[in-house]
2 protein chains.
Amino acid sequence: MAKIHEVAAAAGVSISTVSYALSGKRSISPDTRRRIEEAARELDYRPNAGARMLAGRRTQIFALTEPFRADTHAPAHMAFVLATSIAARRYEYDILLLTEEEASAGMRRVASSGLADGVLVLDVAPDDERVDLARRIALPTVFIGVPDDHEGLVCVDLDFEAASALAVDRLADLGHRSIGFVGHPPTSYEKSNFPPRVRRGLEARAAERGVACTTVLPESDGPRRAPVRAAVRDLVEGGATALVLHCDDTSHAVALDELAALGRRVPQDVSVVSVGATFETSSFQPPIDSVPLVPSASCELAVELAMRMVDGGEVPAAVHLIAPEYRAHGSTAPPGGASG
Amino acid sequence: MAKIHEVAAAAGVSISTVSYALSGKRSISPDTRRRIEEAARELDYRPNAGARMLAGRRTQIFALTEPFRADTHAPAHMAFVLATSIAARRYEYDILLLTEEEASAGMRRVASSGLADGVLVLDVAPDDERVDLARRIALPTVFIGVPDDHEGLVCVDLDFEAASALAVDRLADLGHRSIGFVGHPPTSYEKSNFPPRVRRGLEARAAERGVACTTVLPESDGPRRAPVRAAVRDLVEGGATALVLHCDDTSHAVALDELAALGRRVPQDVSVVSVGATFETSSFQPPIDSVPLVPSASCELAVELAMRMVDGGEVPAAVHLIAPEYRAHGSTAPPGGASG
DNA sequence: GCCCGGTATCGAAGCGCTTCGACAACTCGC
DNA sequence: GCGAGTTGTCGAAGCGCTTCGATACCGGGC
């Protein structure tokens, strides 16, 4: 824990010169700068965090609030936490965790104690209680996800409507006229914000393109995932030549397994596209085309916006949608079975 | 962001009196204390974090390092992160996240910048690079998990050997003479520290009690978990009257499913015990007895030890093992099928 | 009535840094 | 060769708190 005066002494300059040399906020002669950097390296000097916060009016910390509800999907959630942390480090920011009941109370605490420069909100619910809180505290706040009432808030998210529309376009372009949609269990459509957006985008674009679309929202209970298997069977036997999946990874695997069990080949007999998945769809057997939800994209944008706000820049209080991207892995083809 | 002098002015006292009243470090007359507390509440006053760190030589922050490797099991991992955060809040401590490559570099950074009062180490590997680091930095460090080389370190973990021994005892007491062990995939026995400990404890106690024990470490690939199903089938057809499971939740569910498919009832035909699971085994169909790995137990102890070290107390540099606990849910019975 | 010990409060120092303003020492144009 | 501007460095103020030592006050013992 070397201190700035030790560095200054070692380099034969005053402490303010050290500070300016290391922060680059004033010009320093190349020679002096070199001596200072060397001394700092030698002493493994890093500015004391508390002193820096106090004097610099910057904590270099973002609070990350994540209630972690019972229905939170752990792997996806972890991916977002990780992506946020990595994005923040690019700006030399650290992440402070606010979990559970502290997810809300902690926001207030962090705001009034000046522990963080901003707040990143994860695991956003449609009727999230942190919405009101965000409006009240005087700290830059960015939502990763879109609550129902987002008036005046800065939100970041994948454009889910556009994502599923992209999947429909791909299938329609290939000539499919009847597609099946396998979604999350029905309860997800109340507790989470994005499943309805995927569904809406899908059905709207399907209607536009004159494609028939059947939606099934199977429960995901039990190791056999019987409801998912039944959904897949009903859809393909009902004439769907393509499947759009928006469900968890196990359900993906089970759906593919069921297609194989039914003797339907992918993509010759049935095309398959995954929408809004956070996991790697290319490692399924067979690999599956997808329009993924990329945690790093959302989190990087969120952090960038938060940084701009911290720096006093203007950030529109709006939903910042991320354009979806289609990733082909060979699981789509024109309809028509044996002839394809 | 009210400041201490505003509270002092509102209560008609000096700022040092406010500080003492709120920290309780010197006696203050009941009347004065009341006025101060009232003023603080009214102004929503909280000491500025940076100032507190600087003046108080306490950051009230623990760094949590978690590399989050590719093979990390997300749900279990999240449970530990959450438990750590909750345990820390009991002492008014916050958790700062150090992920990925920052898991190590961040430890150094946090130590030399005085950003945290201590470090909690998660996701511990047998040959963890954070072991050396922990020895070098001058910050209280507690490992949640046990690396191979733990000389001079403070570690906390479930006593896995005792846990599986407890399961064997239960089954042996009931009269079982042949048990099957379904473990994690083989690679887990190199990358993680505890699977070998479970296995060791199980086999040792089985030998002591004169119980035959067959171990299978099935791969867990594919939605069908065929290797797990095969393992269960082979074990029960090979004469095992009880199964000890130490694997992920899906494999648990699949194992039970397979038993049902084989027409074996639990517990009449086969007894089942889960060892070292972080998930709820009582919600399986049927509910399963377990000797669980309780994240909150490990994390609470880790935080308590870290606090003691921060407070200058003596904490033995040793592995602090947590005694396992048997939780019965009706999945064990004496062997003997129809007669049971 | 005086001294003593305890209790309640205050003022001021200092934690380690950032940043402002000052000021030498130069450079340049004319 | 002199004033104006530029560049590199320094001293000191101050960020908001904790904590030390001092002080004022009070009641009790003699």
Side-chain angles (χ1 to χ4, degrees), chain A residues 1-37 39-40 43-61 92 110-117 310-312, chain B residues 1-37 39-40 43-61 92 110-117 310-312:
Chain A
M1 291 251 265
K3 292 162 197 177
I4 196 170
H5 78 256
E6 303 178 42
V7 178
V13 295
S14 74
I15 62 166
S16 58
T17 303
V18 174
S19 180
Y20 284 125
L22 297 180
S23 74
K25 291 190 180 169
R26 275 198 188 177
S27 64
I28 296 289
S29 73
D31 178 60
T32 309
R33 148 166 287 126
R34 215 211 57 252
R35 284 200 333 274
I36 291 173
E37 280 167 357
L43 295 165
D44 191 32
Y45 168 76
R46 276 181 198 83
N48 178 84
R52 177 132 79 150
M53 288 186 199
L54 188 54
R57 291 108 202 310
R58 266 283 220 303
T59 66
Q60 312 259 78
I61 290 176
E92 314 239 284
V110 156
S112 59
S113 69
L115 220 195
D117 294 335
V310 169
D311 287 337
Chain B
M1 292 250 264
K3 294 164 194 175
I4 197 170
H5 78 256
E6 303 179 44
V7 177
V13 296
S14 73
I15 62 166
S16 58
T17 304
V18 173
S19 181
Y20 283 125
L22 297 180
S23 73
K25 293 190 179 168
R26 274 197 190 178
S27 62
I28 297 289
S29 74
D31 178 60
T32 308
R33 148 166 287 126
R34 216 211 59 251
R35 286 202 331 276
I36 290 174
E37 279 167 356
L43 293 166
D44 191 31
Y45 168 75
R46 277 184 197 82
N48 177 83
R52 177 133 74 153
M53 288 185 201
L54 188 54
R57 299 115 194 315
R58 265 283 221 301
T59 66
Q60 312 261 82
I61 291 177
E92 313 238 285
V110 155
S112 59
S113 70
L115 220 194
D117 295 335
V310 168
D311 287 337

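All values derive from a computational prediction rather than experimental measurement.
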Practice task
To the nearest 0.5 Å, tell me how far B:Thr32 OG1 sits from B:Arg34 CZ.
Solution key: 9.0 Å
Handout entry: Straight-line distance of A:Ser29 OG to A:Arg35 CZ, nearest 0.5 Å
Key = 7.0 Å
Problem - Side-chain heavy atoms of B:Lys3 within contact of B:Asn48, under 4.5 Å - result: no
Practice task
Quickly work out the A:Lys25 NZ to D:dT9 P distance and round it to whole Å.
Solution key: 18 Å
Handout entry: Short side-chain N/O contact from B:Thr32 to OP1 or OP2 of C:dA8, under 4.0 Å
Key = no
Exercise for the section: Measure the spacing between CD1 of B:Ile4 and CD1 of B:Ile36 and express it to the nearest 0.5 Å. Expected result: 9.0 Å
Exercise for the section: Going 5' to 3' through nucleotides 21-28 of chain C, assign each nucleotide B (protein heavy atom under 4.0 Å from a base atom), S (under 4.0 Å only from sugar-phosphate atoms) or - (no protein heavy atom that close). Expected result: BB------
N/O to N/O distances under 3.5 Å, protein versus nucleotides 12-15 of chain C:
residue, atom, partner, partner atom, Å
C:dC15, O2, B:Ala55, N, 3.4

Completion exercise
CD of A:Glu37 to OH of A:Tyr45, rounded to nearest 0.5 Å, is 13.0 Å
Practice task
Look at the side-chain N and O atoms of A:Ser19 and state whether any lies under 4.0 Å from the OP1 or OP2 oxygen of C:dC17.
Solution key: no
Handout entry: Residue met sooner reading DNA chain C from 5', once A:Gly50 and B:Gly12 are mapped to nucleotides
Key = B:Gly12
Problem - Test log, rule side chain to side chain contact (heavy atoms under 4.5 Å, CB included), inputs A:Thr59 and A:Leu115 - result: CA-CA 6 Å; A:Thr59 66; A:Leu115 220 195; 5.8 Å; no
Exercise for the section: Please work out if B:Ser14 contacts a base, only the sugar-phosphate, or nothing of the nucleic acid, heavy-atom cut-off 4.0 Å. Expected result: base
Exercise for the section: Nearest whole angstrom, please: distance from the P of D:dT18 to the NE2 of B:His5. Expected result: 15 Å
Handout entry: Whole angstrom value for the distance that separates P of D:dC25 from CG of B:Asp31
Key = 18 Å
Problem - Atom-to-atom span, OH of B:Tyr45 to C1' of D:dT18 - whole angstrom - result: 10 Å
Problem - Rounded interatomic separation in angstrom, taking CG from A:Leu43 and P from C:dG16 - result: 15 Å
Practice task
Report the distance from atom CZ of A:Arg35 to atom P of D:dG8, rounded to the nearest whole Å.
Solution key: 14 Å
Practice task
To the nearest 0.5 Å, tell me how far B:Glu6 CD sits from B:Met1 CE.
Solution key: 11.0 Å
Practice task
Report yes if some heavy atom in the side chain of A:Arg33 is under 4.5 Å from a heavy atom in the side chain of A:Val13; otherwise report no.
Solution key: no
Handout entry: Validation row: B:Met53, A:Leu54 side chains within 4.5 angstrom (heavy atoms)
Key = no
Exercise for the section: Take the protein atom CG of A:Leu22 and the nucleotide atom C1' of C:dT19, then report the distance between them rounded to whole Å. Expected result: 15 Å
Practice task
Would you please confirm or rule out a distance under 4.0 Å between OP1 or OP2 of C:dT9 and any side-chain N or O of B:Ser29?
Solution key: yes
Practice task
Round to the nearest Å and state the distance from B:Ile28 atom CD1 to C:dG6 atom C1'.
Solution key: 15 Å
